[in-house]
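Positions are given from 1 along the sequence. Nothing here was measured: the structure is a model prediction, and the numbers come from that model.
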Amino acid sequence: MKPTLYIIRGLPGSGKSTLADLIAANRLADEHGRGQAIKVEADQFFVSSNGHIETYNFDRRFLGAAHDECYGRTIRYLRSGHSVAVANTFSTKREVDRYINGLQRTGLSSEVEVRVILCNGRYKSAHDVPAKAIEKMRERWEPIEGELIYNGA
């Protein structure tokens with residue numbers, strides 16, 4: 001089974017995390033334990049846990065580090081044969097191209113299938129992103145040729 005990189009994009013509250021969860025739950029591993037999809041998000045960088053309770057503490061100063069860490073985990077999982085459902089805003093083509101170019105730089109482009117999925121659902125943002133921030137994201141939004149559209153369940 002060929003690993004797949006699912007690049008899941010959309011504004012806050014569009015259903016990205018929910019779709020990534022669905023893909024991770026439904027993409028089963030082969031007999032060698034490879035192929036199962038793993039959910040990766042930059043938001044995971046801001047989650048801490050004491051073993052019982054998870055806390056989300058967003059700090060804009062670390063947003064670049066969060067995206068770098070997300071990208072690195074994605075490439076590592078793909079190199080180990082897993083599929084990855086990476087769910088971030090990905091508002092520009094450049095943000096999507098970072099992942100696609102990374103596959104080429106690491107020699108994975110012929111081994112990994114890529115699917116770009118735009119989530120268009122309208123739900124409440126899980127992290128209470130301010131409306132002003134969402135509007136800025138909307139203003140810089142760029143379409144990606146060939147992306148699939150997901151409107152939610």
Within a radius of less than 6.0 Å around CZ of Arg105, do more than 12 heavy atoms belonging to other residues, nucleotides or ligands occur? yes
Looking at Arg98 and Asp68, is any side-chain nitrogen of the basic one under 4.0 Å from a carboxylate oxygen of the acidic one? yes
Approximate separation, where rounding is to 0.5 Å, of Arg76 CZ and Thr106 OG1: 12.5 Å
Residues which pass ring pair (Phe, Tyr, Trp, His ring centres under 6.0 Å) with Tyr71, listed by chain and number, not counting sequence neighbours: Tyr99
Nearest 0.5 angstrom please: Asp97 CG to Ile144 CD1, how far? 6.5 Å
Residue set satisfying ring pair (Phe, Tyr, Trp, His ring centres under 6.0 Å) with Phe62, at least two apart, ordered chain then number -> none
Non-hydrogen side-chain atoms of Leu103 and Leu5 separated by less than 4.5 Å: yes
Report the residues that fulfil side-chain contact (heavy atoms from CB on, under 4.5 Å) with Thr55, sequence neighbours left out, ordered by chain and then residue number. Ser48, Ile53, Asn57
Are the side chain of Ser83 and the backbone N or O of Ala37 linked by a donor-acceptor pair below 3.5 Å? no
All heavy atoms of Pro3 vs all of Gly81, minimum pair found to be CG-O, 3.6 Å
Does Lys16 reach the main-chain N or O of Gly10 with its side chain, forming a donor-acceptor pair under 3.5 Å? yes
Restricting to salt bridge (Lys or Arg N to Asp or Glu O under 4.0 Å), what partner residues turn up for Glu69, sequence neighbours left out? Arg73
Step-by-step side chain to side chain donor-acceptor pair (under 3.5 Å) determination, Asp43 to Tyr56: CA-CA 8 Å; Asp43 277 335; Tyr56 180 77; 2.8 Å; yes
For Glu113, enumerate each residue passing the side chain to side chain donor-acceptor pair (under 3.5 Å) test, keeping only those at least two apart in sequence or located in another chain. Arg115
Any chance you could measure Lys39, atom NZ, to Thr74, atom OG1, to the nearest 0.5 Å? 12.5 Å
Is there a side-chain contact between Leu19 and Asp21, using heavy atoms and a 4.5 Å cut-off? no
Can I get a per-line list of side-chain donor-acceptor pairs under 3.5 Å for residues 136-143, giving both atom names and the distance, sequence neighbours left out?
unit_1, atom_1, unit_2, atom_2, d
Arg138, NH1, Glu135, OE1, 3.1
Arg140, NE, Ser91, OG, 3.0
Glu142, OE1, Lys93, N, 2.8

Whether Asn88 side chain and Phe90 backbone form a donor-acceptor pair below 3.5 Å: no
Can you name the closest pair of heavy atoms from His82 and Ser80 and give their distance? CD2-OG, 3.0 Å
